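This report refers to the structure that appears directly beneath it.
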Amino acid sequence: MSTQIDRLRELVQPLAAEHAMDLEEVKITTAGRRRVLQVVVDTDDGVGLDACAELSRQVSEALDARDVMGGAPYVLEVTSPGAERPLTEHRHYRRSVGRLLWLRPHQGADVVARLVGVDEEGIDVEVPGEKGRKPTPRRFAFAEIARARVELEFNRGAGRAAAPSGDESLKEA
């Protein structure tokens, strides 16, 4: 027997796919007497407010047509992942190339490094050098990584891309 979350995923997945979005998460939390249904979606280029609003309208219509949420009141929230969300899928790493990551390997110390490459087996990073030294390249197989997330950066060095999108207009000349 499927759970309510499974039924919600089955309902939302095709709607997200129509918008070329990946359905990252569906969760229900309680907020006082109300429930909050949160639908988290993402794309390679990020998700804009208009796209979230359109998907929210479609999900709302689909929920109204079915009794997946039951009779209790709820609030629907369609959103993109947070800036420091955990990296759990290959596509999460691929979308984070160029960004600073925090990694916790299964063995060894935590690492903060810049993600420079991703393939089917793992990731390539550059660990920043201390006291002006050059970064050190390192390789992690996915099986070696216990946890990982993007680190927020408020002050990126000169000459670095402002975003990993590859948009040349964001890079210094």
Side-chain angles (χ1 to χ4, degrees), residues 5-6 8-10 12-29 38-56 59 77-173:
I5 294 294
D6 292 336
L8 287 165
R9 284 184 83 65
E10 290 171 9
V12 175
Q13 179 65 44
L15 298 174
E18 284 178 22
H19 293 274
M21 296 177 181
D22 294 313
L23 179 60
E24 297 291 347
E25 186 176 15
V26 174
K27 67 180 178 181
I28 300 173
T29 56
Q38 186 179 55
V39 174
V40 181
V41 292
D42 201 5
T43 71
D44 286 350
D45 299 320
V47 180
L49 187 58
D50 291 341
C52 280
E54 177 60 22
L55 181 59
S56 179
V59 170
E77 179 182 301
V78 175
T79 187
S80 60
E84 290 187 331
R85 66 120 177 248
L87 303 178
T88 58
E89 302 284 337
H90 184 270
R91 69 178 175 265
H92 298 162
Y93 289 94
R94 184 176 40 81
R95 291 173 179 164
S96 298
V97 170
R99 311 262 329 251
L100 194 64
L101 301 184
W102 169 86
L103 301 164
R104 173 161 288 158
H106 288 291
Q107 296 181 358
D110 293 354
V111 176
V112 175
R114 183 140 335 260
L115 180 60
V116 295
V118 179
D119 60 31
E120 294 303 315
E121 287 81 38
I123 62 173
D124 295 304
V125 299
E126 286 185 346
V127 180
E130 292 184 26
K131 298 182 183 178
R133 291 192 175 125
K134 291 184 177 182
T136 304
R138 242 179 117 180
R139 172 90 177 155
F140 288 93
F142 288 119
E144 295 176 74
I145 302 170
R147 292 184 13 206
R149 70 169 186 270
V150 171
E151 284 283 293
L152 288 180
E153 289 184 89
F154 295 105
N155 186 17
R156 291 190 72 165
R160 288 212 170 258
S165 66
D167 185 344
E168 294 302 316
S169 66
L170 297 177
K171 296 179 182 174
E172 278 190 27

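Residue numbers count from 1 along this sequence. Source: prediction; values computed, not measured.
Going from atom CZ of Arg95 over to atom CG of Leu115 covers 13.5 Å, rounded to the nearest 0.5 Å. To the nearest 0.5 Å, the span separating CG on Leu23 from CG on Leu15 amounts to 10.0 Å. Distance check: Arg9 CZ to Lys27 NZ gives 12.5 Å after rounding to the nearest 0.5 Å. Here the CD atom belonging to Glu24 is positioned 4.0 Å from the CZ atom belonging to Arg91, to the nearest 0.5 angstrom. Arg94 contributes atom CZ, which lies 11.0 Å from atom CD of Glu89 (distance to the nearest 0.5 angstrom).
Nearest heavy atom pair, residue Met21 against residue Leu55, reads SD-CD2, 3.7 Å. In plain terms, the two heavy atoms of Ala16 and Val41 that are nearest each other are CB-CG1, 4.2 Å. Closest approach of Cys52 and Ser80 over heavy atoms only: SG-N, 4.3 Å. Shortest non-hydrogen contact noted between Arg114 and Leu100 is NH1-N, 3.4 Å. Listed here is the closest heavy atom pair of Ala113 and Pro128: CA-CD, 4.1 Å. Summarising the geometry of Val112 relative to Val127, their closest heavy-atom pair is O-CG1, 4.1 Å, with the distance given to 0.1 Å.
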Q: Kindly determine whether Val47 and His19 satisfy side chain to side chain contact (heavy atoms under 4.5 Å, CB included), including the steps that lead there.
A: CA-CA 10 Å; Val47 180; His19 293 274; over 6 Å; no
**Q.** Test log, rule side chain to side chain contact (heavy atoms under 4.5 Å, CB included), inputs Thr79 and Gln38
**A.** CA-CA 7 Å; Thr79 187; Gln38 186 179 55; 3.8 Å; yes
Q: Apply side chain to side chain contact (heavy atoms under 4.5 Å, CB included) to Ile145 and Tyr93, showing your working.
A: CA-CA 12 Å; Ile145 302 170; Tyr93 289 94; 3.7 Å; yes
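Sequence neighbours left out, the pairs with a member in residues 141-150 that pass side chain to side chain donor-acceptor pair (under 3.5 Å) are Arg149-Glu151.
Tested against Val26, the residues Asp6, Val40, Leu8 include a single side-chain contact (heavy atoms from CB on, under 4.5 Å) partner, Leu8.
Leu103 has its side chain out of reach of Asp110: every pair of non-hydrogen atoms, C-beta onward, lies at least 4.5 Å apart.
At least one donor-acceptor pair closer than 3.5 Å links the side chain of His90 to the backbone N or O of Asp119.
Ion pairing between a basic and an acidic side chain is recognised when a charged N comes within 4.0 Å of a carboxylate O; Arg85 and Asp42 show such pairing.
Partners of Glu77 according to the salt bridge (Lys or Arg N to Asp or Glu O under 4.0 Å) rule, which considers only residues two or more places apart in sequence or in another chain, do not exist here. Partners of Ala146 under the side-chain contact (heavy atoms from CB on, under 4.5 Å) rule, at least two apart in sequence or in another chain, are Arg104, His106.
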